[in-house]
Colleague: 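Once you've had a glance at the structure underneath, I'll fire off some questions.
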Amino acid sequence: MKAQQDQLVIYNSLKGEKEPFVPLVEGKIGMYVCGPTLYSEPHMGNMRTFINFDLIYRYLIHLGFQVKYVRNITDAGHITNSAGQEVDSIGAAAKAEQLHSLEIVYKYALKFQELQRVYNMLPPNIEPTATQHIQEQIEIIEQIIANGYAYQVNGSVYFDTRRYMQDYNYGILSGRKVDELENETRTLNAQDEKRFFADFALWKKANPDDMQVWRSPWGNGNPGWHIECTAMSTKYLGQQFDIHGGGMDLKFPHHEDEIAQSCGSFGCNPARYWMHANMLNVNGQKMSKSFGNYFLPKQILDGSTGLFEKSYSANVVRFFIMQAHYRSNLDFTQEALNASEKGYLRLMEGLKTLDHIQTTATTSFDVAALISSFYKAMNDDFNAPILVAQLFEAVKHINLINDGNASITIADKSELKAAMEVFIHDVLGLAAESNATETRLAPVMDLVLDLRQQARANKDWTTSDQIRDGLTKAGIIVKDAKDGTTWN
RNA sequence: GGUCUCAUGGCCGAGCGGUUAGGCACCGGUCUGCAAAACCGUCUACAGCAGUUCGAAUCUGCUUGAGACCUCCA
C-alpha cells in the first residue's frame, strides 16, 4: 500500500492548488476537523461536510496510514454577531428551551451520535469538547499575551491583529487583505473594546446572565470561539499536524484566526494541509440556518422534509453525496435523489451478481487496470465521483458476463470482488441494505411464489396474476427472471 | 461595495489542451404468457463574444448570469 500512499494528491486551501501528500511522520497522519456547535440539531448541510471527511478518513485508513482523527464538539464559546456583539448561541438556545446549557449540549450530542451511526460514519478517535479544555485555552491565551499578540481590556482578552501583522501574514489562508477589509467593514460599535476592527476575542468577560462561566486570570468569563480549536488540536495532535479540515464557510474568519492563534503562541501554522468541503445547496442556495432553507438528516429518512415526495435511505443519501466531489457545491433535488437511489441499487445489485457469475479460462477485460482506476480516482484529491463511475464500469462488465457476453477467470473474479467490496463498503461507506421485515417475510414469500409458479406452469394466468396483483397492492413487487422469481 | 469561486446535454454531476466520464430520465432492443423488473444499446453538451494554439469544455480577455465569504453557520 506504500506505493499508493505516495501517489496521493490533496488540494491544499492554503496554497490554492493540489500537491502531493507527504505526512510529517511517515505512515502517520494527524487530522483535525471542526465539528458542530451543539445548540441545535445538525442539518443536512452540516452532515455533508462530516460525511465527506468520513470518506477522506476512510480512504486514508485504507491506504494503510495510521490516522489520528480529532473532531471537536463546540459546547461553549462566544461568537460575534452582525451587530458586533459577542453572543453565546448555546446559552441562547438554553434559555429558549428553558434548559441548562449542558442539557442542550448533551441533548444534541446524543442526536449527533445517532446520526453518525445511521449515516455510517466512523467515529473520530477523539471527540473533545470545549468545556473540558478551558484550562488549555487559558494557557494558550496567556502564551499569546506573553508573546505580545493580545491585550486585555476590562476582563476580556483580544487578539492584537495589527501587532500580529508586523510579524506574520494575516490572511494567508483566506487571501484577505486587512486594509481592504477595513474599508468594507461596518463602523465599529461605539462601546467596542477592540483597538482594531480585525481584532477578535480570545476571552470574553462574563455577562450577568451567562449560565456557564469559567474563572481565568482575567476574571470570570467565556472563551472566544476560535481558541478552542487551537487548544484541542494542539493538545491531541501537537503544535503542527498534517490535515485540518472543515466547511468552506469556516475558512474566514474561523480558520484564519486559528492560524493567527497558533502562530501567535507557537510560531507556526498548525496544519500543513488545509481542506475545505463545499456547501450543500437547496434550490441553488447554500443550506443554512439563517436562510431557513434547511432540513434535518432524519427528515430525509422519514420523508418529512416537505421538499421531496418520498423518503430516502441513509445509504442513498450517502451515495448521492459521494457522486459529487467534496470541493463542489451539491444541489439537493428530488430528481437527483431519485437518480441516486436507482444508481445505488444498481451498484449493489452488480456486487451481488458478481458472486454468481460463471468463471472461464480467460478474462475479456483488464481487471487490474479497472482496480487501479479506483485508486487513481481517490488518489486525485479524493475524487469519489470518478470512483463511482469506475465502479459502474465494473458493474457493466459483471452484467455482460452474467448475460454470457463477456468472461472472467476465477482469479480475476476474486480480485475484482475484493476490490469492489473494499471501495464500496470500506471507502465509500455504503452498506448493503437488509431489513428485519424481509428476513421474516422470506419463508412466506417463498411459499406464495411457489404457488404462483405452479399456477404459471399450468398456464393458469388468472391465479398467477391474482397473486402478483395482490402482492403489488401490498407493496411487494414480483420480478420474473429466467432463472426464477424474486421480489422486493 | 470588496475578495473569491463557478457557469457542462432533460436532471444531478466528472473533466485541468487532443480519447465515450458516470448515474437517472427519454427512446430503441433482449427477455417474458402478459406486465414489471433486469440487462444491452442510443442520445454526444460544454453561457455569449473575441483571442492564443495544428487542435480548447479545458488557456487569455471582455460580456452576461449564479453562488460563497466579508456577521454566526459545515
Side-chain angles (χ1 to χ4, degrees), chain A residues 16-18 33-37 39-40 42-53 78-85 87 89 171 174-177 180-186 225 245-254 256 276-281 284-291 294 319-320 323-325 327-347 349-350 353 377 380 383-393 395-396 398-400 402-403 405 456 459-461 464-465 468-469 472 477-482 485-488:
Chain A
E17 61 188 23
K18 289 182 192 171
V33 173
C34 289
T37 301
Y39 64 98
S40 65
H43 64 232
M44 202 59 231
N46 300 315
M47 292 304 284
R48 158 123 110 145
T49 296
F50 301 136
I51 289 172
N52 275 144
F53 280 103
H78 280 195
I79 45 85
T80 311
N81 74 359
S82 53
Q85 301 159 322
V87 183
S89 52
S174 59
R176 270 165 219 289
K177 304 274 181 286
E180 282 172 0
L181 274 172
E182 186 165 24
N183 298 332
E184 294 112 34
T185 301
R186 295 160 185 79
W225 176 40
M248 206 86 113
D249 49 357
L250 295 183
K251 204 169 177 182
F252 188 89
H254 185 58
E256 193 68 62
H276 291 96
N278 216 138
M279 302 291 101
L280 186 63
N281 285 183
Q285 195 183 37
K286 172 188 173 184
M287 179 180 287
S288 152
K289 282 200 176 108
S290 40
F291 292 153
Y294 67 94
F319 180 72
F320 174 69
Q323 281 186 291
H325 187 82
R327 280 191 288 115
S328 296
N329 280 122
L330 173 60
D331 246 320
F332 239 76
T333 65
Q334 166 128 259
E335 227 178 334
L337 280 166
N338 285 343
S340 283
E341 184 168 52
K342 292 225 177 178
Y344 166 75
L345 260 18
R346 179 152 189 260
L347 182 61
E349 275 306 311
T353 307
D380 184 13
N383 200 325
I386 298 276
L387 169 61
V388 170
Q390 291 307 122
L391 286 168
F392 277 114
E393 197 60 33
V395 168
K396 188 184 204 167
I398 290 167
N399 287 331
L400 284 170
N402 197 35
D403 290 351
N405 295 320
R456 292 181 74 204
K459 296 197 191 293
D460 177 3
W461 310 130
S464 78
D465 288 352
R468 185 174 69 194
D469 295 346
T472 306
I477 294 160
V478 175
K479 294 184 248 183
D480 294 327
K482 24 185 188 295
T485 300
T486 56
W487 56 276
N488 66 23

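Excluded from the calculations below are hydrogen atoms, water molecules and symmetry mates; all remaining heavy atoms, backbone and side chain alike, are included. A note on names: the letters A, B, ... follow the listed sequences, proteins ahead of strands, and every chain is numbered from 1.
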Colleague: Does B/C40 have OP1 or OP2 sitting under 4.0 Å from an N or O in the side chain of A/Lys396?
Modeller: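 Answer no for this pair, as no side-chain N or O of A/Lys396 is under 4.0 Å from OP1 or OP2.
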Colleague: With no angle test and no hydrogens, is the base of B/C34 tied to the side chain of A/Arg468 by a donor-acceptor pair under 3.5 Å?
Modeller: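 Yes, a donor-acceptor pair under 3.5 Å.
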Colleague: Should A/Phe392 be counted as stacked on B/G23, where stacking needs a ring-centre gap under 5.5 Å and an angle between planes under 30 degrees?
Modeller: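 Answer is no, no stack.
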Colleague: Counting distance alone, no hydrogens or angles: does the base of B/C69 have a donor or acceptor under 3.5 Å from a partner atom on the side chain of A/Arg176?
Modeller: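 Such a pair is found, so the answer is yes.
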Colleague: Tell me whether the OP1 or OP2 atom of B/C39 has a side-chain N or O from A/Arg346 closer than 4.0 Å.
Modeller: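 Yes, A/Arg346 has a side-chain N/O under 4.0 Å of OP1/OP2 on B/C39.
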Colleague: List the protein contact pattern of nucleotides 7-14 of chain B with one symbol per nucleotide (5' to 3'): B for base contact, S for sugar-phosphate-only contact, - for none; contact means a heavy-atom distance under 4.0 Å.
Modeller: ----SSSS
Colleague: May I ask you to decide if A/Trp461's main-chain N or O and A/Ser464's side chain share a donor-acceptor pair within less than 3.5 Å?
Modeller: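 It does hold such a pair.
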Colleague: Under 4.0 Å, counting only non-hydrogen atoms across every strand here, what does A/Phe291 touch: a base, just sugar-phosphate, or nothing?
Modeller: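 The answer is sugar-phosphate, as A/Phe291 gets under 4.0 Å only of primed atoms, P, OP1 or OP2.
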Colleague: For B/U63 and B/C54, measure between their C1' atoms and round to the nearest Å.
Modeller: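 Result for the C1' pair: 29 Å, nearest Å.
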Colleague: By the 4.0 Å heavy-atom rule, please label A/Gln334 as base, sugar-phosphate, or nothing.
Modeller: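 Answer is nothing: A/Gln334 stays at 4.0 Å or more from every strand.
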Colleague: Out of B/G33, B/A36, B/C40, which nucleotide sits closest to the side chain of A/Lys479?
Modeller: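 The answer is B/A36.
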Colleague: Using a heavy-atom cut-off of 4.0 Å across all strands, would you classify A/Gly45 as base, sugar-phosphate, or nothing?
Modeller: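 If one applies the 4.0 Å heavy-atom cut-off, A/Gly45 turns out to touch a base.
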Colleague: Between B/A74, B/G23, B/G33, which nucleotide gets closest to the side-chain atoms of A/Arg456?
Modeller: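 Among the listed nucleotides, the one closest to the side chain of A/Arg456 is B/G33.
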Colleague: Would you mind classifying the nucleic acid contact of A/Lys286 as base, sugar-phosphate or nothing, using non-hydrogen atoms under 4.0 angstrom?
Modeller: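 Base contact.
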Colleague: Would you mind classifying the nucleic acid contact of A/Met287 as base, sugar-phosphate or nothing, using non-hydrogen atoms under 4.0 angstrom?
Modeller: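 Counting heavy atoms under 4.0 Å across all strands, the contact made by A/Met287 includes a base.
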Colleague: Using a heavy-atom cut-off of under 4.0 Å over every strand shown, decide if A/Val33 touches base, sugar-phosphate, or nothing.
Modeller: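 It contacts nothing in the nucleic acid.
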Colleague: Suppose you measure atom P in B/G23 against the same atom in B/A57; what distance do you get, rounded to whole Å?
Modeller: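 My reading of the P atoms in B/G23 and B/A57 gives 23 Å.
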Colleague: Using heavy-atom distances to pick each residue's nearest nucleotide on RNA chain B, tell me which of A/Asp380 and A/Gly284 is more 5'.
Modeller: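 Its nearest nucleotide being more 5', the pick is A/Asp380.
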Colleague: For the residue pair A/Cys34 and A/Leu250, establish whether any side-chain heavy-atom pair is separated by less than 4.5 Å.
Modeller: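 Of all side-chain heavy-atom pairs linking A/Leu250 with A/Cys34, at least one is under 4.5 Å.
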Colleague: What would the secondary structure line of RNA chain B be in dot-bracket form, counting Watson-Crick and G-U wobble pairs under 3.5 Å, with [ ] for pairs that cross earlier ones and | for pairs with another strand?
Modeller: ((((((((.[[[..)..(...]]]..((((.......)))).....[[[[[..)....]]]]])))))))....
Colleague: Pick the nucleotide of RNA chain B nearest each of A/Met248 and A/Asp480; which residue has the one closer to the 5' end?
Modeller: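 The residue closer to the strand's 5' end, by nearest nucleotide, is A/Asp480.
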Colleague: For the side chain of A/Phe252, counting heavy atoms from C-beta on, which of B/C69, B/A74, B/G22 is nearest?
Modeller: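 Given the options B/C69, B/A74, B/G22, the side chain of A/Phe252 is closest to B/C69.
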